[in-house]
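Here's the structure we're looking at; comments come further down.
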Amino acid sequence: MLSFEESTKLANCFDQAMETLIIGCSSSEKILRYDDDQEMFSACDVVIKMDDCARWIIHTHDRKMIEQITSKFENSVITISDVRTYTP
């Protein structure tokens, strides 16, 4: 496990990343390799997943965090867990 400072130092070592997965869990026992995204989303407090440099999935149970993140980016789409989507 890495602290936030260690994660930042590590991130500065890369020039390009094609796929990235960062998970944050309140319990270290939940930090493991998940075969299913839905299981990971349920178990983890925060999931940040980048697919092919173009699509980011940010999952959290904290609605305020989602609102803060989407306010920083134009054309953000929020997807509710029951698959309904809307644009803020």
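Side-chain atoms are counted along with the backbone in the values below, which use heavy atoms only and exclude waters and symmetry mates.
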Next item on the list: Kindly determine whether Asp45 and Ile23 satisfy side-chain contact (heavy atoms from CB on, under 4.5 Å), including the steps that lead there.
Entry: CA-CA 8 Å; Asp45 299 310; Ile23 62 173; over 6 Å; no

Margin query: For Glu5 and Lys9: C-alpha separation, side-chain torsions, deciding distance, then whether salt bridge (charged side-chain N to carboxylate O under 4.0 Å, His left out) applies.
Written below: CA-CA 6 Å; Glu5 285 182 10; Lys9 286 180 185 177; 5.5 Å; no

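The side-chain contact (heavy atoms from CB on, under 4.5 Å) search around Asp62 returns Thr60, Lys64, Met65, not counting sequence neighbours. Residues satisfying the side chain to side chain donor-acceptor pair (under 3.5 Å) test with Glu39, not counting sequence neighbours, are none. Taking Leu32 as the reference, Tyr34 meet the side-chain contact (heavy atoms from CB on, under 4.5 Å) condition, with sequence neighbours excluded. Scored by the side-chain contact (heavy atoms from CB on, under 4.5 Å) test, Ser42 finds no partners at all (sequence neighbours excluded). Qualifying salt bridge (Lys or Arg N to Asp or Glu O under 4.0 Å) partners for Asp37, counting only residues two or more places apart in sequence or in other chains: Lys49. Evaluation of the side-chain contact (heavy atoms from CB on, under 4.5 Å) rule for Thr8 yields Phe4, Asn12 as partners, not counting sequence neighbours.
Taken to the nearest 0.5 Å, the CG atom of Leu21 stands 10.5 Å off from the CE atom of Met50.
Evaluation of the salt bridge (charged side-chain N to carboxylate O under 4.0 Å, His left out) test over residues 23-35, restricted to residues two or more places apart or in two chains, returns none.
In this structure, His61 contributes its side chain and Phe41 its backbone to a donor-acceptor pair below 3.5 Å.
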